[in-house]
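Since the structure is predicted, the reported quantities are computational estimates derived from the model, not experimental observations. Lettering of chains follows the sequences in order, A, B, ..., and the numbering in each one begins at 1.
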Amino acid sequence: MGKRSRFMYVIDHVKEELTTALAQAVAKAVQEGSLPEEMREAQIQLEVPREEAHGDWATNLAMTSARIARCAPRKIAETIVQNLDTEGTFIDQVEIAGPGFINFRLRPDWLLEVVKEIEAKGEAYGRRDIGAGRKVQVEFVSANPTGPLHVGHGRGAVVGSVLSNLLEAAGFLVTREYYINDAGNQIVNFGLSLEARYFQALGQDVPVPEQGYHGEDLKELMAEVAAEKGDFYLKMDPEERRKALTELALERKLADIKRDLADFGVTFDHWFSESKLHAEGAIKATVQKLKEEGSIYESEGALWLKSTDYGDDKDRVVIRENGVPTYLAADLAYHKNKFERGFDTVINVWGADHHGYIPRMKAGVAALGYDPDRLEILIVQLVNLLRDGEPVVMSKRTGKLVTLAEVIEEVGKDAARYFFIMRSADSHLDFDLSLAAAHTEENPVFYIQYAHARISSILRQAQELGQIPRLLERKPLSDVVDLAQVNLSLLASEVERALLKKLAFWPEEVAVAALNREPHRIARYAHDLAGSFHSFYNACRVITDDPELTLARLFLVDATGIVLRSALGILGVSAPDRM
RNA sequence: GCGCCUGUAGCUCAGGGGAUAGAGCAACGGACUUCUAAUCCGUGGGUCGUAGGUUCGAUUCCUACCAGGCGCGCCA
C-alpha cells in the first residue's frame with residue numbers, strides 16, 4: 001500500500017487511484033459509445049476542494065471536456081460516474097455537484113496509513129525523487145568581500161540555503177556555491193581605500209578616494225594592521241603595498257563573512273574565486289569561444305557581445321577599450337565553468353537590484369551554446385528593515401547599513417531565518433526587528449517551536465508515567481512500541497483527522513515547493529502544521545487512563561513531531577524540546 | 001521613456017481558471033484543579049488597485065491605465 005517505491009507515499013497512491021479510476025471510466029464510456037472518442041485526450045486534474053462539504057478530492061473533468069464532448073457537463077459527469085469502478089480503492093463516495101464537479105470522499109482509514117508510513121520512514125518521510133539525482137548548483141549571497149554582510153544579504157542567504165535544502169529533500173544533488181568577486185575594478189578601488197586608511201592610521205592625512213569604500217570596518221581593520229605591523233607597508237613600492245594590503249584585507253573580510261554566515265546556519269560547498277578565472281585565462285578562452293560562435297564584434301575600440309541576437313535589448317561590452325574585461329566577461333567565464341562542471345541546472349539567487357542583468361546573462365549563456373533554460377535566476381525582492389513599525393534607514397553618514405551580524409545578535413538565528421523565508425521571494429519584505437525579537441505573543445517562529453516543545457513534553461511524560469518504554473531522543477515511537485498492536489482507528493475526531501490530513505500532504509508540499517522553487521511554502525506549511533497540532537492539543541487530552549486511546553494519540557503526536565522536525569530542518573530552524 | 005516585482009480584511013501577507021476568498025496580528029467575548037495559556041475556541045471585518053478582453057466560469061490568464069518598490073554604465 002503506497003510502498004511500491006521508496007518515494008511513493010499514501011497521498012500519491014490516493015491520487016493515482018483517483019486518476020486511474022477516472023481514466024478507466026472515461027475509456028469504458030468511450031468504448032460503449034456513451035462518450036465521444038475525443039474524450040480519451042482529456043486531461044485529468046485533481047484538486048482539494050476548499051469546502052469540507054465537497055469531499056476530499058474533486059475533479060473538473062466534466063466541465064473542461066464539455067466543449068470537446070459537445071455535451072452538458074453534468075451529463076458527462078453522470079456518464080463518468082456510472083462507469084467508475086472504485087472496487088478495492090480508498091474511494092468511498094462519489095457525487096456530482098455544482099456546475100459539474102465530481103467530488104470524492106475517501107474511506108476514513110486512508111489517514112491511518114499515514115501514521116504507519118511516517119513511523120516507518122522517520123524523517124525520510126516526505127523525501128522525493130523528482131530530482132532523480134540531477135546535479136543542481138545554487139549560487140547565492142556572493143556578496144563583495146569588500147565590506148560586511150548587511151540585512152539585504154540575509155534574505156538571499158536564507159532563500160538560497162532553504163532552497164538548497166529543499167531541492168536536496170526533493171532528490172537533487174545540490175552544490176551550494178559562493179562567488180567571490182575578488183578581482184576587477186572594485187578591487188583596485190578597495191586597495192586604494194585600504195591604503196588611504198592605512199596612512200590615516202599612521203597619522204597621515206590621505207583621503208579615501210571618491211569611488212572607494214568608506215565603511216568604518218576598513219578604517220578599523222587598517223588601524224589594527226597599523227598597530228600590528230607599524231610602518232612596515234610604508235616603505236614598500238605603492239603597487240606592492242596595495243597588493244599586500246588587499247590580500248590581507250580580503251582574507252580577513254572573507255573570514256568575517258564565513259563566520260557570519262556560519263552563525264546564520266548558512267554553509268557552502270564551494271567558495272569560487274573570480275581571480276582564479278583571470279589567472280587561468282578562462283576569460284580569454286570564453287571570449288575566444290564567443291568569437292568563434294560569431295557573437296563578438298569590435299566597435300569603438302571595445303569588444304561587444306551580440307546579446308541582442310539572444311533577446312537582450314542592447315549589445316554589451318565584454319572587453320573595454322583599455323583591454324580590461326568587464327564584470328560580464330568574468331561572469332560568462334564563470335557560467336561556462338559551471339556548465340563544464342556538469343551541472344544540469346544552475347540556479348542563481350539575486351537581489352532585485354540585479355534583475356536588469358538577467359537578459360544579458362541568459363543571452364551570454366545561449367551564445368556559449370548552452371540552453372538558457374538551464375540557468376534559472378531567482379530574484380529576491382528587497383528588505384525594508386523596521387523597528388516598532390518605523391523604518392530603520394541608514395545608520396551613519398557613510399551610508400552604513402545594519403549588518404547581518406547585528407540582526408542575528410538582536411533577534412536570534414531562528415527568528416531571523418524564519419522571517420526571511422516566510423514570504424514569497426517576489427514579495428517585498430517588511431522585517432520588523434522588534435516583532436522578530438519578541439519572545440512572547442505574536443511571533444510565528446515561537447508558535448511553531450512551541451508545538452515541537454509540547455510534543456517532546458508529552459512524550460517525556462508518557463515515558464515517566466511508564467505508558468511507553470524509554471525512547472531514544474528523536475527516534476520513532478515505533479522503535480519501542482509495536483505499531484501493529486495499536487488501534488489507530490481511535491483517531492477519529494475532527495481535530496485528529498485534520499491533523500492527520502495535514503501530515504498526509506507533507507510529501508506533496510515538498511514536491512510542489514521544490515518544483516516551483518518556492519521555499520517559503522515550507523515555512524507556511526510548518527506554521528499550519530503547528531496550528532493543527534495546537535488545536536488538537538487543546539481539544540484532545542493525550543495521556544489518559546484509557547491505555548488504548550493514549551497509545552493511538554501518542555503515535556499521532558510522535559508522527560507530528562517527526563514531520564515538524566523535517567520541515568524545521570529544511571528551514572534551518574531549531575526544534576527545541578522545551579521552551 | 002523602457003523593463004522587472006508588487007497592489008487581496010485596519011496592519012503584514014498567503015492563495016489561486018472553478019462551487020460561500022484565507023492566515024497571523026490588531027479589536028471584541030470566552031477557556032488554565034487536567035500532558036507547557038508562548039496555546040485554544042468564538043465574533044466582527046473584503047467592489048481581491050481601476051477599466052476592458054478571453055472563458056461555461058476570472059480575484060487568478062491577456063491588454064491598457066493608476067499607485068508603490070527596484071533597475072536601465074566600457075560599475076559590480
Could you check whether [X] gets within reach of a base, just the sugar-phosphate, or nothing at all, counting any heavy atom under 4.0 Å?
| X | value |
| --- | --- |
| A:Ala97 | base |
| A:Asn60 | base |
| A:Ser457 | base |
| A:Asp182 | nothing |
| A:Leu382 | sugar-phosphate |
| A:Ala462 | nothing |

Quick one: is [X] getting a side-chain N or O under 4.0 Å of the [N] phosphate, OP1 or OP2?
| X | N | result |
| --- | --- | --- |
| A:Arg524 | B:rG15 | no |
| A:Arg454 | B:rA37 | yes |
| A:Ser427 | B:rA14 | yes |
| A:His520 | B:rA23 | no |
| A:Tyr327 | B:rA76 | no |
| A:Arg67 | B:rC56 | yes |
| A:Arg316 | B:rA76 | no |
| A:Lys314 | B:rG73 | yes |
| A:Thr544 | B:rC35 | no |
| A:Gln461 | B:rU36 | yes |

Would you measure the distance from the [atom1] atom in [N] across to the matching atom in [M] and give it in whole Å?
| N | M | atom1 | answer |
| --- | --- | --- | --- |
| B:rG44 | B:rA23 | P | 12 Å |
| B:rU6 | B:rU47 | P | 22 Å |
| B:rC13 | B:rA31 | P | 35 Å |
| B:rG22 | B:rU60 | C1' | 15 Å |
| B:rU43 | B:rA21 | P | 16 Å |
| B:rU50 | B:rA67 | C1' | 11 Å |
| B:rU8 | B:rA51 | P | 16 Å |
| B:rG24 | B:rA58 | P | 30 Å |

Practice prompt. For the pair A:Tyr213 and A:Phe190, name the ring-plane relationship: parallel under 30°, tilted 30 to 60°, perpendicular over 60°.
Written response: perpendicular
Item to complete: Measure up the A:Trp304 and A:Tyr297 rings against each other and bin them: parallel (under 30°), tilted (30 to 60°), perpendicular (over 60°).
Response: parallel
[X] side-chain proximity, nearest of [options]:
| X | options | result |
| --- | --- | --- |
| A:His527 | B:rA21, B:rA23, B:rU36 | B:rA23 |
| A:Ala453 | B:rU36, B:rU6, B:rC74 | B:rU36 |
| A:Met579 | B:rC35, B:rU20, B:rU36 | B:rU36 |
| A:His428 | B:rG24, B:rC5, B:rU36 | B:rC5 |
| A:His54 | B:rC70, B:rA19, B:rC74 | B:rA19 |
| A:Tyr447 | B:rU34, B:rU55, B:rU39 | B:rU39 |
| A:His355 | B:rG3, B:rC35, B:rC5 | B:rG3 |
| A:Glu321 | B:rC74, B:rA37, B:rC35 | B:rC74 |
| A:Gln381 | B:rC5, B:rC41, B:rC35 | B:rC5 |
| A:Glu300 | B:rA19, B:rC74, B:rU36 | B:rC74 |

Roughly how many Å is it from [atom1] in [X] to [atom2] in [N], rounded to a whole number?
| X | N | atom1 | atom2 | value |
| --- | --- | --- | --- | --- |
| A:Arg423 | B:rG69 | CZ | P | 20 Å |
| A:Asp388 | B:rU12 | CG | P | 16 Å |
| A:Arg50 | B:rC48 | CZ | C1' | 12 Å |
| A:Asp331 | B:rG73 | CG | P | 17 Å |
| A:Glu494 | B:rC40 | CD | P | 17 Å |
| A:Arg155 | B:rC13 | CZ | C1' | 12 Å |
| A:Asp577 | B:rC35 | CG | C1' | 15 Å |

Worksheet item: Do A:Phe101 and A:His54 have ring centroids that are under 6.0 Å from one another?
Response: no
Worksheet entry | Quiz item: A:Asp528 side-chain donor-acceptor pair to B:rA14 base, under 3.5 Å | no
Discussion item. Between the base of B:rG71 and the side chain of A:His354, is one N or O donor paired with an acceptor at under 3.5 angstrom?
Written reply: no
Worksheet item: Which way is the base of B:rC32 turned, syn or anti, if we draw the line at 90° from 0?
Response: syn
So what's [N] paired with, Watson-Crick or G-U wobble, going by both distances under 3.5 Å?
| N | value |
| --- | --- |
| B:rC25 | B:rG10 |
| B:rU39 | B:rA31 |
| B:rC72 | B:rG1 |
| B:rG46 | none |

Tell me whether the count of non-hydrogen atoms from other residues, nucleotides or ligands lying under 6.0 Å of [atom1] in [X] goes above 12.
| X | atom1 | result |
| --- | --- | --- |
| A:Glu494 | CD | no |
| A:Glu464 | CD | yes |
| A:Lys501 | NZ | yes |

Item to complete: Take A:Asn538 and A:Tyr357, find for each the nucleotide of RNA chain B with the closest heavy atom, and name the residue whose nucleotide sits nearer the 5' end.
Response: A:Asn538
Worksheet item: Between A:Ser535 and A:Gly356, which has a closest nucleotide on RNA chain B that is more 5'?
Response: A:Ser535
Worksheet item: Any luck finding a side-chain donor-acceptor pair between A:Thr544 and A:Asp546 under 3.5 Å?
Response: no
Worksheet item: So, A:Asp426 versus A:Ser424: side-chain donor-acceptor pair below 3.5 Å or not?
Response: yes
Worksheet entry | Check against side-chain contact (heavy atoms from CB on, under 4.5 Å), A:Arg417 and A:Val162 | CA-CA 9 Å; A:Arg417 283 188 71 103; A:Val162 177; 3.7 Å; yes
Worksheet item: Can a cation-pi geometry be assigned to A:Arg454 and A:Phe533, taking NZ or CZ under 6.0 Å from the six-membered ring centre and within 45° of the ring axis?
Response: no
